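Below you'll find the structure, written out as structure tokens, and then a few comments.
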Amino acid sequence: MTSAREIAAAVTARERSAREVIDEHLARIDEHDGELHAFNVVIADEARAAAEALDARIAAGEPVGPLAGVPVALKDNLCTRGIPTTCSSRILEGWRPPYDATVVNRLRAAGAIAVGKTNLDEFAMGSSTENSAFGPTRNPRDTTRVPGGSSGGSAAAVAAGFAPLALGSDTGGSIRQPAALCGVVGMKPTYGAVSRYGLIAFASSLDQIGPFAADVTDAALLLEAMWGHDRMDSTSISDDLVPISADLERGVRGLRIGIVEELTDVEGIAADVRAAVERAAGALEAAGAKVERVSVPATVHGLDAYYLIAPAEASSNLARYDGVRYGLRCDDEDVQHMNARTRGEGFGAEVKRRIMLGTYALSAGYYDAYYGQAQRVRTLIIRDFARAYERFDVLLSPTSPTVAFELGAKTADPLAMYLSDVCTIPTNLAGHCAISVPFGVDSELGLPIGVQVLGRELADALIFRVARAIELSVSGA
Amino acid sequence: MAADPARLTRADVEHVARLARLSLRDDEIATFTEQLAVILDHAAQVSALDIADVPATAHPLPLSNVLRADEVRPCLDRAEVLASAPASEDGRFRVPRILGEAP
């Protein structure tokens with residue numbers, strides 16, 4: 001597979017045409033996506049037209065961006081003007097947004113070419129992509145297994161070589177966990193670093209768009225092409241962002257790295273996953289870092305706090321699907337019955353479960369015991385991380401407690417599914433950044449394992465550097 | 001008021017479904033009564049923590065009152081927006097009658 005940076009260099013130098021690159025990727029999608037179902041829709045005509053327009057600009061000597069001619073897959077909860085955007089839900093089936101998300105505009109300006117919209121757990125609620133109304137995505141490494149979720153389609157698209165780059169969204173691990181399970185790089189930037197204008201909201205105090213790529217260097221290139229302040233997103237931060245690519249090869253000599261005990265000794269962790277974290281730590285030590293174990297005590301309550309806060313916010317955000325302004329309407333005698341019937345028929349089981357959970361957690365008599373208490377736990381997690389970051393530059397943990405599981409293995413037990421996110425959730429609650437980098441495979445099945453590097457807010461460039469050092473210890477190049 | 005998730009009943013689930021404007025089938029009510037009780041039982045560990053003196057965090061960024069200049073700027077085209085609505089009339093969204101009992 002050719003990297004994004006090699007494609008951009010070849011297209012810019014006119015060694016290859018963007019059209020040729022797109023055709024090659026579309027052919028691969030055509031051949032294999034019937035089995036994998038990474039995409040909800042492939043936009044072949046639009047992609048070819050955009051590639052030809054780019055080739056014409058290059059031929060005319062016009063400057064093009066750092067992602068010139070690079071195919072990119074977009075998670076289907078990112079608005080794309082005139083192109084169906086479903087969130088893998090019946091309630092939005094057939095809806096064509098009247099505007100593009102900011103990230104879509106920025107990637108287009110950088111020369112990237114969107115090839116399609118990728119499958120997800122409905123409204124990004126899930127950890128396996130089995131909650132899609134349009135059927136599950138399969139893991140390219142083993143098609144009897146899930147790709148993780150909720151951004152499973154984007155992770156699978158990169159792992160299958162359908163596109164060297166993809167965008168996902170991460171509310172509790174929805175980029176990092178599928179990246180780990182598919183053997184690619186996935187990163188959740190600092191909250192507010194990437195504009196969310198045009199990302200269909202799930203849990204607004206947690207949601208963040210981030211990059212998928214086959215390697216750390218390409219992921220950095222993708223993040224740099226889309227981050228920075230946006231006046232269309234009131235939670236967008238205006239801080240100067242530290243360049244990533246320029247410092248990527250600086251190494252880890254002298255860095256202090258802490259292995260988070262609570263996230264590594266977590267219930268149900270596979271022995272091979274734990275061993276991979278230890279080996280990654282050893283590789284970082286060999287590269288000159290100082291590695292120790294560290295306790296971040298409040299993270300043990302992260303999962304419970306998350307499964308109160310995220311559903312509470314979702315129950316509010318999803319109130320907009322009422323059969324009035326867009327999407328499905330199931331008509332009934334009056335507006336209340338129409339609202340309830342539309343939502344009852346339009347939402348799948350997991351979305352309904354979370355709306356119910358969130359509504360309950362916010363309802364009179366229970367608000368303080370559940371939602372209020374979860375918000376206080378959030379404060380404790382932020383405090384405990386702050387204490388750890390006084391002694392350490394970055395932290396280390398598994399991304400997911402296990403490798404990819406079989407389709408159907410956890411669909412009947414919501415709590416077991418929720419436990420897939422136990423290592424990734426604390427980062428979202430704190431608004432921090434984290435990246436999953438592939439590090440070996442499990443001994444029994446040869447399935448990929450992901451190691452997670454965590455950083456405080458705005459430490460994005462630093463965690464990329466550490467992830468690059470981990471990658472280098474595996475590949476040697 | 002102390003929450004007791006073990007007591008979550010079918011009536012609670014029906015009440016919450018009404019609050020959420022969600023019509024549920026009988027089998028869904030039965031499944032959710034069981035599943036939500038299990039999830040809330042797990043969450044009881046958070047409810048039980050003695051942390052009343054800890055301030056709540058609603059949001060990870062210390063942002064408030066993000067304002068912009070009050071100036072006319074391009075916005076979405078009304079006709080294009082209404083074209084995605086299930087029903088519209090005279091430049092507005094059309095809905096069924098609004099009077100009647102709540103579901």
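Owing to the predicted nature of the structure, the values given are computational and were not obtained by experimental measurement.
If you measure heavy-atom distances from A/R81 to chain B, the contacts under 4.5 Å come from the side chain alone. At a 4.5 Å heavy-atom cutoff, A/Y367 makes no contact with chain B through either its backbone or its side chain. Contacts between A/T342 and chain B at a heavy-atom distance below 4.5 Å are absent for every atom of the residue. Of the two parts of A/M356, the backbone and the side chain both hold a non-hydrogen atom closer than 4.5 Å to a non-hydrogen atom of chain B. If you measure heavy-atom distances from A/I382 to chain B, the contacts under 4.5 Å come from the side chain alone. Heavy-atom distances place the side chain of A/L303, and not its backbone, under 4.5 Å from chain B. When heavy atoms are compared at a cutoff of 4.5 Å, A/D368 does not approach chain B at all. Contacts of B/L22 with chain A are made by both backbone and side-chain atoms, with heavy-atom separations under 4.5 Å. Neither the backbone nor the side chain of B/A83 comes within contact range of chain A, judged by heavy atoms closer than 4.5 Å. Heavy atoms closer than 4.5 Å to chain B are found nowhere in A/I381, neither backbone nor side chain.
In this structure, the separation between OG on B/S84 and OH on A/Y326 is 10.0 Å, given to the nearest 0.5 Å. Interatomic distance, CZ of B/R18 versus CD of A/Q336, reported as 13.0 Å (0.5 Å rounding). Distance check: B/L8 CG to A/Y366 OH gives 7.5 Å after rounding to the nearest 0.5 Å. The distance from atom NZ of A/K352 to atom OG of B/S23, rounded to the nearest 0.5 Å, is 7.0 Å. A/H301 contributes atom NE2, which lies 7.5 Å from atom CD of B/Q45 (distance to the nearest 0.5 angstrom).
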Original post:
Yes or no on side-chain contact (heavy atoms from CB on, under 4.5 Å) for B/R21 and A/D322, after CA distance, side-chain angles and deciding distance?
Top reply: CA-CA 9 Å; B/R21 291 273 189 279; A/D322 55 6; over 6 Å; no
Original post:
Taking it one step at a time, do A/Q375 and B/T57 satisfy side-chain contact (heavy atoms from CB on, under 4.5 Å)?
Top reply: CA-CA 5 Å; A/Q375 288 188 312; B/T57 298; 5.5 Å; no
**OP:** Go through the steps for A/Q373 and B/L49 under the test side-chain contact (heavy atoms from CB on, under 4.5 Å), then give the verdict.
**Re:** CA-CA 8 Å; A/Q373 196 76 349; B/L49 294 173; 3.8 Å; yes
Subject >> Intermediate values then yes/no, side-chain contact (heavy atoms from CB on, under 4.5 Å), A/L357 and B/I39 >> reply: CA-CA 9 Å; A/L357 186 57; B/I39 296 165; 3.8 Å; yes
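Every pair tested for ring-ring contact (aromatic ring centres under 6.0 Å, His included) that includes a residue from residues 17-36 of chain B fails, sequence neighbours excluded, so the list is empty.
The heavy-atom pair separating A/I355 from B/A20 by the smallest distance is CG2-CB, 3.7 Å. Closest of all the heavy-atom pairs between B/P86 and A/G323 is CG-O, 3.4 Å. Across B/V81 and A/P98, no two heavy atoms sit closer than the pair CG2-CG, 4.3 Å. For the pair B/P96 and A/D334, the tightest heavy-atom approach, listed with the atom from each and the gap, is CB-C, 4.0 Å.
Below 4.5 Å, heavy atoms of chain B meet heavy atoms from A/A412, A/P414, A/L415, A/Y418, all part of residues 410-420 of chain A.
With sequence neighbours excluded, the residues satisfying side chain to side chain contact (heavy atoms under 4.5 Å, CB included) with B/D77 are B/A79, B/E80.
Contact of the A/Y360 side chain with the B/V13 side chain is not registered, since no non-hydrogen atoms from C-beta on lie closer than 4.5 Å.
The candidate from B/D53, B/V54, B/T31 with the greatest count of non-hydrogen atom pairs under 4.5 Å with chain A is B/V54. Counting heavy-atom pairs closer than 4.5 Å to chain B, the top-ranked of the candidates A/R96, A/E333, A/E345 is A/E333. Chain A forms the most heavy-atom pairs under 4.5 Å with one residue out of B/V16, B/V38, B/L76, and that residue is B/V16. When the candidates A/S204, A/G346, A/S363, A/S205 are compared by the number of heavy-atom contacts under 4.5 Å with chain B, A/S205 comes out ahead. Ranked by heavy-atom pairs under 4.5 Å with chain A, the list B/R25, B/H15, B/R94, B/R73 is led by B/R73.
Dense packing is recorded around CZ of B/R10, with more than 12 heavy atoms of other residues, nucleotides or ligands lying under 6.0 Å away. By the 6.0 Å contact criterion, CD on B/E34 is open, its count of non-hydrogen atoms from other residues, nucleotides or ligands being 12 or less.
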Using a 3.5 Å cut-off and no angle test, enumerate the donor-acceptor pairs between side-chain atoms of residues 58-71 of chain B and protein atoms at least two apart in sequence or in another chain.
residue: B/H59; atom: ND1; partner: B/L61; partner atom: N; Å: 3.4
residue: B/H59; atom: NE2; partner: A/Y191; partner atom: OH; Å: 2.9

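The main-chain N or O of B/D50 is never found under 3.5 Å from a side-chain atom of A/R376 such that the two would form a donor-acceptor pair. For the pair A/T379 (side chain) and B/P55 (backbone), a donor-acceptor distance under 3.5 Å is present.
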